[in-house]
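Side chains included, hydrogens not; waters and symmetry mates left out as well; all remaining heavy atoms used.
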Amino acid sequence: MEPLRGGAFGRMAQELVDQLKAVRPDDSTARWAFRWVGSYPNILTTLSGMNRMDHLEENVQTFSPLEICTEAENALLAKIADEISGVPTIPCTACEYCMPCPYNVDIPGNFTYYNEAVNSHVLPLPEPSAADYAERQQKFIEGYRKALPDAEKWARSCQDCEECLPKCPQQIRIPNQMSRIVQTLRVRKA
């Protein structure tokens with residue numbers, strides 16, 4: 001279930017997508033994920049959330065007939081999985097089950113922008129002492145304001161009420177992650 005983790009597999013860093021494209025240029029990340037899941041002999045059913053006809057058509061093509069992953073492809077996917085696990089993204093699928101927030105925080109919007117910033121290498125990581133930290137932080141702040149133009153929806157509005165926690169199927173510690181975003185937005189004095 002959820003081989004694409006709510007589409008997050010498709011939103012990985014471009015250099016990881018490029019590694020897949022180098023092997024199978026015409027395959028989407030979704031096709032890679034479904035081929036990988038379908039390659040296991042004990043998998044009888046694969047669930048896919050589809051909201052567009054082209055998703056359905058691609059899924060049908062992927063499984064008609066299924067071309068199982070080779071050993072080399074499995075090794076590449078394992079390498080990419082290791083790389084993804086080392087990236088500090090928030091495992092939000094933007095399902096919106098956590099919403100509405102009683103304090104109007106756009107929880108999935110905050111997490112989506114944060115993850116995009118991580119995957120596009122905008123996020124100023126890992127150390128504030130890095131030479132380009134201030135520049136990258138400013139770019140992150142500008143992008144954040146564009147992604148969430150209504151300041152009422154920003155992470156800083158989170159009051160740590162924890163109303164969202166039992167609703168999150170990914171079991172994300174949402175207030176902790178909101179705090180992480182707030183810390184990233186906080187400009188340090190020299």
Does the side chain of Arg24 reach to within under 4.5 Å of the side chain of Arg35, using non-hydrogen atoms? yes

Any side-chain heavy-atom pair of Cys164 and Pro175 under 4.5 Å: yes

What are the two closest non-hydrogen atoms of [X] and [Y], and how far apart are they?
X	Y	answer
Gly38	Ile68	O-CG2, 4.4 Å
Tyr113	Phe140	OH-O, 3.0 Å
Trp32	Leu76	CH2-CD2, 4.2 Å
Pro108	Cys92	CA-SG, 4.2 Å
Glu58	Arg31	O-NH2, 3.4 Å
Ser157	Glu152	OG-O, 3.1 Å

Are [X] and [Y] linked, directly or through other ILVMFWY residues, by side chains that come within less than 4.5 angstrom of each other?
X	Y	value
Trp154	Val182	no
Leu165	Phe111	yes
Val17	Val23	yes

Measuring from atom [atom1] of [X] to atom [atom2] of [Y], what distance do you get when rounded to the nearest 0.5 angstrom?
X	Y	atom1	atom2	result
Leu16	Thr29	CG	OG1	11.0 Å
Ile172	Cys98	CD1	SG	8.0 Å
Ile174	Asp160	CD1	CG	11.0 Å
Gln138	Glu142	CD	CD	4.5 Å
Lys21	Asp26	NZ	CG	7.0 Å
Gln61	Leu56	CD	CG	10.0 Å

Backbone of Ala155 reached by a side-chain donor or acceptor of Asn110 within 3.5 Å: yes

Backbone N/O of Thr184 and side chain of Gln137: donor-acceptor pair under 3.5 Å: yes

Of Asn104, Val105, Ile107, the residue whose pairing with Met99 passes side-chain contact (heavy atoms from CB on, under 4.5 Å): Ile107

Step-by-step salt bridge (charged side-chain N to carboxylate O under 4.0 Å, His left out) determination, Arg173 to Glu162: CA-CA 9 Å; Arg173 297 287 309 160; Glu162 298 188 357; 3.6 Å; yes

Does Thr89 form a side chain to side chain contact (heavy atoms under 4.5 Å, CB included) with Tyr114? I'd like the steps, not just the answer. CA-CA 7 Å; Thr89 56; Tyr114 180 89; 5.7 Å; no

Around atom CD of Glu135, are there more than 12 heavy atoms of other residues, nucleotides or ligands at under 6.0 Å? no

Ionic contact status for Glu96 with Lys167, cut-off 4.0 Å: no

Decide yes or no on side chain to side chain contact (heavy atoms under 4.5 Å, CB included) for Thr62 and Asp27, but give the supporting numbers first. CA-CA 9 Å; Thr62 298; Asp27 284 6; over 6 Å; no

Run the numbers on Gln177 and Arg180 for side chain to side chain donor-acceptor pair (under 3.5 Å), then give the verdict. CA-CA 5 Å; Gln177 298 301 335; Arg180 180 176 174 192; 2.5 Å; yes

Is it true that the side chains of Gln19 and Glu15 contain a donor and an acceptor less than 3.5 Å apart? no

